[in-house]
Student: 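Below are the structure tokens for one structure; questions will follow.
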Amino acid sequence: MAEDKFYSLGVLMGKQSQVLSEKYGITDIADFSKVFSNPVDTLFDYCRGFKGTLTDLRRQPDKVKAACDKLWEVYNLPRMSGPVDEFPYACHMTHIALYLSPKQFEELYWPYEKKWIERAAAAGSKVWIMLEGSWEKVWHHFLEVPKDSCILHIDDDDICKAKKELGDHQIIEGGLKVAAVRTQSIDKIKDDIKHVIDVCAPGDGFLFCTDKAWIAAARKVFKPLEIQGKGRTNA
């Protein structure tokens, strides 16, 4: 199998994180040198593409499952053979999951994800997962794995609803819609931040951050963040 470009990028980002930690005392919550790729994502990203994967899932699901089992055997298991680091956490940027039906997710995608999560939990660690797009229809699966085994980064879903449904069992991360930095006033951003923290902070298990990487100058949002920083926040 050709070298995984995302895996190589993860290793490079891991070196970057090492420099930030050793030289500046800045520690990432996720270790991008330990990027997990669900076999279904691997098939989607590197082998069959968008049209090919979704067509295969309808026309030849048994072959898709066989291919994913083989990817798990030759690609994932060797990368999971070493010890699990306690911190920073291994991470996963999901890709195809939001395009799967709940049935496809449960039968094909989730079993691999669950094994990876349970491996980390058994070692006393956690995993950081970017729930790219909308995952609300399959949130309930994260109640099947050990408590506090996942940090779930909320992307397009309603983070307040995610905290209500999952916050007693997993750690929820997110809160500030980056798009709002371009389109909303400081007062509106401040009100939104206050609402998210008021709803999500009680009970702990919440990390406040942006939903996506910055796409605009950050100084516009510093002021409301500083205001909220005087209050109570939880991690």
Side-chain angles (χ1 to χ4, degrees), residues 6 9-10 12-13 16-17 19-21 23-32 35 41 50 87-89 91-100 126-140 142-143 148 150-235:
F6 279 108
L9 179 61
L12 179 62
M13 294 177 70
Q16 173 182 292
S17 298
V19 171
L20 288 172
S21 176
K23 189 172 182 178
Y24 301 103
I26 301 172
T27 303
D28 287 336
I29 194 170
D31 186 347
F32 287 92
V35 177
D41 281 328
F50 198 105
F87 185 85
Y89 307 122
C91 59
H92 180 202
M93 278 64 72
T94 62
H95 292 151
I96 198 176
L98 74 158
Y99 301 109
L100 302 177
K126 308 180 191 299
V127 297
W128 181 93
I129 307 176
M130 170 65 176
L131 302 185
E132 185 175 287
S134 176
W135 279 59
E136 182 178 347
K137 63 188 178 185
V138 295
W139 277 347
H140 61 279
F142 291 104
L143 301 175
D148 292 338
C150 302
I151 299 173
L152 304 175
H153 184 98
I154 304 301
D155 185 19
D156 290 339
D157 288 312
D158 183 338
I159 194 165
C160 295
K161 189 172 183 180
K163 181 61 163 59
K164 180 179 179 181
E165 296 194 15
L166 297 173
D168 290 337
H169 196 71
Q170 303 297 353
I171 299 161
I172 305 301
E173 176 184 278
L176 173 62
K177 296 294 185 182
V178 169
V181 180
R182 283 183 174 270
T183 61
Q184 303 291 344
S185 67
I186 288 180
D187 287 341
K188 179 65 167 64
I189 295 171
K190 181 174 67 174
D191 289 344
D192 289 345
I193 290 173
K194 184 178 186 304
H195 173 71
V196 167
I197 292 178
D198 286 347
V199 172
C200 296
D204 298 334
F206 172 63
L207 298 170
F208 181 85
C209 66
T210 59
D211 62 336
K212 297 176 174 65
W214 289 107
I215 57 173
R219 63 180 177 272
K220 180 178 179 180
V221 81
F222 282 173
K223 185 176 180 180
L225 283 176
E226 288 169 358
I227 291 171
Q228 285 305 124
K230 297 175 183 177
R232 175 177 176 268
T233 58
N234 291 325

Student: Compare every heavy atom of Val196 with every heavy atom of Cys160, then report the nearest pair and how far apart it is.
Tutor: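 Between these two residues, the closest heavy atoms are SG-CA, 4.3 Å.
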
Student: Does the side chain of His92 come within less than 4.5 Å of Val127's, by heavy atoms?
Tutor: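 No, side chains not in contact.
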
Student: Answer yes or no: is there a side-chain heavy-atom contact under 4.5 Å between Ile29 and Pro88?
Tutor: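 Side chain of Ile29 against side chain of Pro88, heavy atoms only: no contact under 4.5 Å found.
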
Student: Is it the case that more than 12 heavy atoms not belonging to Lys137 sit under 6.0 Å from its NZ atom?
Tutor: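 Check passes, neighbour count above 12.
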
Student: Which heavy atom of Lys163 sits nearest a heavy atom of Gly205, and at what distance?
Tutor: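 Smallest interatomic distance, heavy atoms only, reads CE-O, 4.0 Å.
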
Student: Considering all heavy atoms of both residues, which atom of Ile172 and which atom of Gly167 are nearest to each other, and what is their separation?
Tutor: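 Heavy atoms of Ile172 and Gly167 come nearest at CG1-CA, 4.3 Å.
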
Student: Could you list the residues that satisfy side chain to side chain contact (heavy atoms under 4.5 Å, CB included) with Asp156, not counting sequence neighbours?
Tutor: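 Asp156: side chain to side chain contact (heavy atoms under 4.5 Å, CB included) contacts with Lys212.
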
Student: Do any pairs count as a ring pair (Phe, Tyr, Trp, His ring centres under 6.0 Å) and have a residue in residues 150-188, sequence neighbours left out, and if so which ones?
Tutor: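 Sorted result for residues 150-188: Trp128-His153.
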
Student: Treating Thr94 as the side-chain partner and Met130 as the backbone partner, does any N or O pair qualify as donor plus acceptor under 3.5 Å?
Tutor: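 Yes; at least one donor-acceptor contact below 3.5 Å.
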
Student: When rounded to the nearest 0.5 angstrom, what is the spacing between CD1 in Ile186 and CG in Asp191?
Tutor: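 The CG atom of Asp191 is 12.0 Å from CD1 of Ile186, to the nearest 0.5 Å.
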
Student: With sequence neighbours left out, write down each residue that passes side chain to side chain donor-acceptor pair (under 3.5 Å) with Lys164, or none if nothing qualifies.
Tutor: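 Testing Lys164 for side chain to side chain donor-acceptor pair (under 3.5 Å), a comparison that skips the adjacent residues, returns none.
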
Student: Got Leu131 and Leu98 here, is their nearest side-chain heavy-atom distance under 4.5 Å?
Tutor: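 No; the side chains remain at least 4.5 Å from each other.
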
Student: Over 60° means perpendicular and under 30° means parallel, so tell me whether Trp135 and Phe142 are parallel, tilted or perpendicular.
Tutor: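 Ring orientation, 0 to 90° scale: tilted.
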
Student: Judged by atom type as modelled, is there a donor-acceptor pair below 3.5 Å linking the side chain of Glu165 to the main-chain atoms of Trp139?
Tutor: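 Checked: no pair found.
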
Student: Kindly say whether Asp155 contributes a backbone atom to a donor-acceptor pair with the side chain of Lys177 at under 3.5 angstrom?
Tutor: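 Confirmed, Lys177 side chain pairs with Asp155 backbone.
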
Student: Take Asp211 and Ile154, measure what side-chain contact (heavy atoms from CB on, under 4.5 Å) needs, and give me the verdict at the end.
Tutor: CA-CA 6 Å; Asp211 62 336; Ile154 304 301; over 6 Å; no

Student: Under the rule for side chain to side chain contact (heavy atoms under 4.5 Å, CB included), what residues qualify as partners of Lys188, not counting sequence neighbours?
Tutor: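 Result, side chain to side chain contact (heavy atoms under 4.5 Å, CB included) vs Lys188: Gln184, Ser185, Asp192.
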
Student: Which residues satisfy the side chain to side chain contact (heavy atoms under 4.5 Å, CB included) test with His140, sequence neighbours excluded?
Tutor: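 If we apply the side chain to side chain contact (heavy atoms under 4.5 Å, CB included) test to His140, skipping adjacent residues, there are no hits.
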
Student: Give a yes or no on whether Phe87 atom CZ has more than 12 heavy-atom contacts from other residues, nucleotides or ligands under 6.0 Å away.
Tutor: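 Buried by this count: over 12 neighbours within 6.0 Å.
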
Student: Rounded to the nearest 0.5 Å, how far does NE2 of His95 lie from CD of Glu132?
Tutor: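 Going from the CD atom of Glu132 to the NE2 atom of His95 covers 5.0 Å.
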
Student: List the residues meeting side chain to side chain contact (heavy atoms under 4.5 Å, CB included) with Lys126, not counting sequence neighbours, and say none if there are none.
Tutor: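 Lys126: side chain to side chain contact (heavy atoms under 4.5 Å, CB included) contacts with Tyr89, Asp148, Ile151, Ile171.
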
Student: Can you tell me how far the SG atom of Cys200 sits from the CD atom of Glu173, to the nearest 0.5 Å?
Tutor: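 Going from SG on Cys200 over to CD on Glu173, the span is 12.0 Å.
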
Student: Do Asp187 and Lys190 pass the side-chain contact (heavy atoms from CB on, under 4.5 Å) test, and can you show the C-alpha distance, the side-chain angles, and the key distance before you say yes or no?
Tutor: CA-CA 5 Å; Asp187 287 341; Lys190 181 174 67 174; 4.1 Å; yes

